[in-house]
Amino acid sequence: MSTTRLSALVWVDDCGLANGLLVEQPEVGAVGRDESDVLAQIKEHLHYLLREAEWEFPDDPMIDPQLLRVPVDIRPEYQSKVRRFPVEHPVRVNMPVVFGRYDGGLQGCVVPTLGLWFSVDDKSRMHELAQHYITEALRGSTPQRLSRSLPPPGVELRSLAITGRAPRNRAQRRQFEALESVAEPLGERASRRRYSRAYQRDAELAELVRRLSKDRASVLLLGEPGCGKTSLLASAVREIERSQPRPDEGSRPHQLWQTTAARLIAGMQFLGQWEQRLEAVLAELAELDGILCVENLLDLVRVGGAGSQDSVGAFLVPYLRARELRMVAECTPAELDACRRLLPALVDAMQVLPLATMDATAAELALAALAESSARNLRVTVDADVPATLVRLFRRFAPYEAMPGKAAALLQKLMLRSATEGRPLKAEDATAEFTRLTGLPDMLLHDDITLSAQDVRARLASQVIGQSAAAHTCAGVLTTFKAGLNDPGRPLGVLLFAGPTGVGKTEMAKAVARELFSQGHGNDRLVRLDMSEYSGHGSAERLVTGPQGEPSELIRRVREQPFCVLLLDEIEKAAPEVFDVLLGMFDEGRLTDRFGRETNFRSSVIVMTSNLGAGAEKSMGFGQATQPDYSAEVMRYFRPEFFNRLDAVVAFAPLDHGTIMRIAEKELHALARREGLLRSGASLAWTPAVAELLARNGYDRRFGARPLQRALEALVVAPIARAMAESPTSGGVIRLDVDAEGRVVVAS
C-alpha cells in the first residue's frame with residue numbers, strides 16, 4: 001500500500017451545491033452538500049477505481065500546486081452551416097489555472113474546467129502560455145458553449161490523500177505483443193527520464209503538439225545533431241499524454257512508441273517475415289490510436305531490402321499516405337537530401353518541422369534551466385557561471401556542434417559526478433572535463449594564458465631536427481587556433497608536407513599532435529592512412545563506407561574523437577576519385593556519404609605527405625645541388641581546385657651530416673630513457689665517436705634517416721643488452737665507446 005497526495009478544485013454553484021474536480025484527472029468530479037462531502041465522494045470514487053477497476057495512481061502527481069487566475073479575452077461566434085458570425089466585443093474570462101512542478105523538475109499548468117495541461121519552462125511566461133492554450137481551446141465557441149465553460153466564482157484548491165496499492169507492474173497490463181517486441185513507450189517514466197526537457201523550445205513544442213493532436217499528422221523533426229529533436233519529442237509526449245483523459249475502466253495505454261529501423265526487422269531472416277511483423281505492429285498502433293516514433297528517418301530507407309524501393313520506408317509509405325499510420329521521425333538536413341533522392345515519397349508523406357540551432361544566449365538559458373532542475377533533484381550546488389563556461393568552450397572550440405546537445409550531456413554528467421562526490425560543481429570542473437575529453441592543453445583553453453609562437457616553434461624543432469621551416473609553418477597553425485582566428489567552417493589546418501623520404505614528415509605530424517593535444521596523449525590523436533591503399537576503383541566509397549554499409553575506420557575514429565591530426569601518407573598515390581572526396585573535407589571540414597551521414601573534421605589538422613619533386617635536384621656546379629620547387633611540383637601534379645584548398649605546401653630539406661649527428665644524439669638520449677635502463681637505475685654515457693658511427697651507418701641518401709633506428713638497434717642496443725644480461729647492474733653508469741674495428745664497446 002502507498003499514499004499519494006492529489007489536488008482538487010472545489011466551488012459552490014448558484015444552486016448552493018458544492019462541486020469538485022480532480023486536478024490530475026479533471027474527468028473525475030463530484031457534486032455534494034458541501035466541500036467535505038465533495039472531497040469524500042472523490043476519495044471514495046478513487047478508492048473504488050483502485051479496488052475494482054484496475055485504476056492506478058497518476059505516474060507523476062503535481063507537487064506544491066498553486067491556484068492562479070488568468071484573464072483571457074474570448075470572442076464567441078454564432079455558427080450556421082456555411083458561415084460564422086463573431087460577436088462585436090470579446091468576453092473577458094478569468095480562468096482558474098493550477099501551476100506546479102513534477103518529479104524530475106518539470107513545471108506545468110492544468111486548467112481543470114477545460115481539461116487542459118501544458119508544460120512551462122519559465123514561470124514568468126506562464127500567463128502568456130495559459131492565455132494561448134485557453135484561447136486555442138475556446139476558439140470558435142458559440143455563446144452557449146462559452147457559457148458552459150465560464151469558470152465558477154469562489155474556486156478553491158484543496159489537497160487529497162489517497163491510500164491504495166502501488167502502481168501495477170506493466171506485465172499485468174494489456175499486452176501489445178508485436179509493438180512491445182520492437183518499441184518502447186515514450187510515456188513511461190523510465191523513458192522520459194532519459195531525456196531532458198526541451199528548454200527554450202516553447203514555440204516548437206506547441207507546434208509539434210498541435211500537429212500531432214489536432215492535425216493528426218506525421219511529422220519529420222529536422223535539425224542538426226544535438227539541436228534537441230529527441231528532447232522536443234519527449235516533451236511533446238509529456239504534454240500529449242497528460243492532456244488525454246484516462247477511462248474509468250483502467251489505464252489508457254501509452255500512445256507514442258519509440259523504435260529504430262534496425263529493431264523493426266531484427267531477427268527476421270526469411271522473405272516476408274518483417275513485413276508480417278510490421279503489419280501486426282501497425283494494427284496494434286491503430287487499435288490504441290498510437291504514434292510510431294523513429295529515431296532516424298534515413299535508416300528506414302537503408303534497411304529491409306536490396307534498395308530503397310523495397311525498404312522498410314517504402315513499405316510504410318502507403319500507410320502514411322492513407323493516414324493509417326502516424327509517425328514522428330528525426331532527420332538532419334543532409335539526411336533529408338539523401339531521403340529525397342532515394343525515396344521522395346516517404347518525405348512527401350510527412351510534415352517537416354525545422355529546429356534551428358540555438359544561439360549562445362538561448363543555449364546558456366537552456367543550460368541554466370537544466371542545471372536548476374537537475375540540481376534540485378540531485379541536491380547539488382551548481383555555480384551560476386557553469387552554463388556560460390560550457391557554452392563558451394563549445395562555441396569556441398567545437399562551433400560545429402549544435403547547441404545545446406553535447407554541452408547539455410556534459411553538464412548532466414558533471415552534475416551527477418558532483419552529486420556522487422558530495423561537492424559543488426564549479427566552472428573549473430567544467431573546463432577540466434572539457435580538457436580531458438578534447439585533449440586540448442590549458443594554454444589553448446584559457447585566454448589569460450599566453451602562447452609564444454617562438455616557444456612552439458622551438459618545441460617542434462627540437463622534436464624534428466633540421467626542419468625549422470616546417471616547424472615555423474606548423475607553429476603558425478597552432479597560434480592562429482589559440483588566437484581564435486581560424487576559419488570555423490574549415491579544418492584547423494590543411495598542410496602538404498613535401499620532400500624526400502626519411503627527413504621527418506611523419507614525425508612532424510606526430511609532433512603537432514603531441515603539441516596540440518598534450519593533455520590527451522598526442523600519439524593517440526594521430527589518425528594515419530596509407531593512401532597507396534586507396535589507389536584502385538571504388539576507393540572513394542571505401543574511404544567513407546565499410547563493406548556492409550557501416551562507417552569506415554576513418555569515419556569511426558574521427559566521430560569518436562574529432563580533435564585529432566589526420567595524416568594521409570603518400571597522398572599522390574590515391575585514386576583521382578579520392579581527391580574529389582577530399583575537396584569537401586578541405587573546403588567545408590566535413591565528409592558526407594551517399595546516405596547523408598556527415599562527419600566533421602573542423603577540429604582536426606589534416607596533414608598530407610608526398611615525395612613529389614624529391615628526385616628533381618639539379619647541380620649548379622661545384623658539386624652543390626639546388627632545392628627542388630616543391631610547390632611547383634605539387635601544382636603540376638594536382639588539379640588547381642585541389643591545390644587552392646591547401647593552407648601551405650611545407651618543403652622538407654634533405655638532411656646534412658650535422659643534422660644526422662644531432663638526430664643520432666637525440667636517439668641516444670631516448671635510448672637512455674628505455675624501461676630496462678630505468679629499472680636497473682643505470683645511466684648511459686657515450687663518446688662523440690658513438691654518435692658519429694650512428695650517423696655514418698644510419699643515413700642513406702635515398703632513404704634519409706629511416707635506417708637510423710635499425711643502426712641504433714644493431715650497433716648500440718644489442719651490445720648493451722648482451723652486457724646487461726652477462727653482468728646485471730644496479731645503478732652506475734654504462735659507458736659507450738667505439739673500438740678500432742668500428743664496434744661499440746660497453747663498459748660499466
Side-chain angles (χ1 to χ4, degrees), residues 224-225 332-335 337-338 397-402 438 473-474 477-478 480-481 486-498 505-506 509 512-513 516-517 525-536 538-546 550-610 612 634-635 637-650:
E224 297 293 346
T332 67
E335 290 170 345
D337 292 340
F397 298 102
Y400 49 84
E401 295 286 0
T438 62
T473 302
C474 295
V477 172
L478 272 62
T480 301
F481 182 42
N486 58 293
D487 186 347
R490 299 185 68 238
L492 301 181
V494 181
L495 308 176
L496 177 60
F497 291 173
K505 300 189 294 294
T506 299
V512 171
L516 186 57
F517 306 115
R525 300 302 176 94
L526 184 72
V527 180
R528 184 173 180 177
L529 293 182
D530 185 350
M531 300 311 291
S532 63
E533 298 178 2
Y534 297 90
S535 58
S539 294
E541 179 71 14
R542 192 159 54 85
L543 184 68
V544 180
T545 309
E550 75 280 7
S552 66
E553 180 69 11
L554 166 65
I555 298 302
R556 185 186 62 79
R557 291 191 61 183
V558 174
R559 285 179 180 174
E560 289 175 356
Q561 184 48 262
F563 291 86
C564 65
V565 173
L566 174 60
L567 175 60
L568 306 177
D569 260 335
E570 299 184 291
I571 185 64
E572 74 276 8
K573 295 183 179 179
E577 61 186 36
V578 172
F579 298 146
D580 296 332
V581 173
L582 296 179
L583 288 177
M585 183 198 297
F586 297 167
D587 195 35
E588 300 179 350
R590 61 184 181 182
L591 277 183
T592 305
D593 66 10
R594 62 190 178 94
F595 295 117
R597 297 174 299 191
E598 186 177 286
T599 305
N600 262 297
F601 289 81
R602 296 172 190 167
S603 293
S604 307
V605 176
I606 300 176
V607 175
M608 294 165 284
T609 67
S610 173
L612 289 172
V634 170
M635 189 182 300
Y637 185 85
F638 295 107
R639 300 199 309 268
E641 58 268 29
F642 186 90
F643 181 83
N644 289 336
R645 284 170 171 80
L646 304 178
D647 292 330
V649 177
V650 184

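Just so it is clear, the values below take in all heavy atoms, side chains as well, and ignore hydrogens, waters and symmetry mates.
- Annotation: cation-pi pair Arg602/Tyr400 absent, no NZ/CZ under 6.0 Å from the ring centroid and within 45° of its normal.
- Shown here are the side chain to side chain contact (heavy atoms under 4.5 Å, CB included) partners of Pro399, two or more places apart in sequence or in another chain: Pro488.
- Of the possible polar contacts, none joining the Asp587 side chain to the Leu583 backbone as a donor-acceptor pair under 3.5 Å is found.
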| message | One pair to check against salt bridge (Lys or Arg N to Asp or Glu O under 4.0 Å): Asp647 and Arg490. What are the steps and the verdict? | response | CA-CA 11 Å; Asp647 292 330; Arg490 299 185 68 238; 3.0 Å; yes

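- Each of Tyr637, Phe497, Phe638 was checked for a side-chain contact (heavy atoms from CB on, under 4.5 Å) with Ile571, and the lone residue meeting it is Phe638.
- When atom types are taken as modelled, the side chain of Ser552 and the backbone of Val544 share a donor-acceptor pair closer than 3.5 angstrom.
- When all heavy atoms of Ser610 and Leu496 are compared, the closest pair comes out as CB-CD1, 4.0 Å.
- Among all heavy-atom pairs drawn from Ala509 and Val607, the shortest one is CB-CG1, 4.2 Å.
- Listed for the Glu588 side chain is no donor-acceptor partner under 3.5 Å among the backbone atoms of Arg590.
- The distance between the ring centers of Phe397 and Phe481 falls below 6.0 angstrom.
- Of all heavy-atom pairs spanning Gly538 and Glu577, the tightest one is N-OE2, 3.0 Å.
- Using modelled atom types, one finds a donor on one side chain and an acceptor on the other under 3.5 Å when comparing Thr609 with Asp569.
- Pro562 and Ser604 get closest at one heavy-atom pair: O-OG, 3.0 Å.
- Tested against Leu566, the residues Met608, Met585, Arg528 include a single side-chain contact (heavy atoms from CB on, under 4.5 Å) partner, Met585.
- Of all non-hydrogen atoms in Val578 and Ser539, the two that sit nearest each other are CG2-CB, 3.7 Å.
- In this view, Glu560 and Arg556 satisfy the salt bridge (charged side-chain N to carboxylate O under 4.0 Å, His left out) rule, not counting sequence neighbours.
- Closest approach of Arg597 to Pro551, counting heavy atoms only: NH1-CD, 4.5 Å.
- Taking the ring centre of Tyr534 as origin, the terminal cationic atom of Arg542 falls inside the region bounded by 6.0 Å and 45° from the ring axis.
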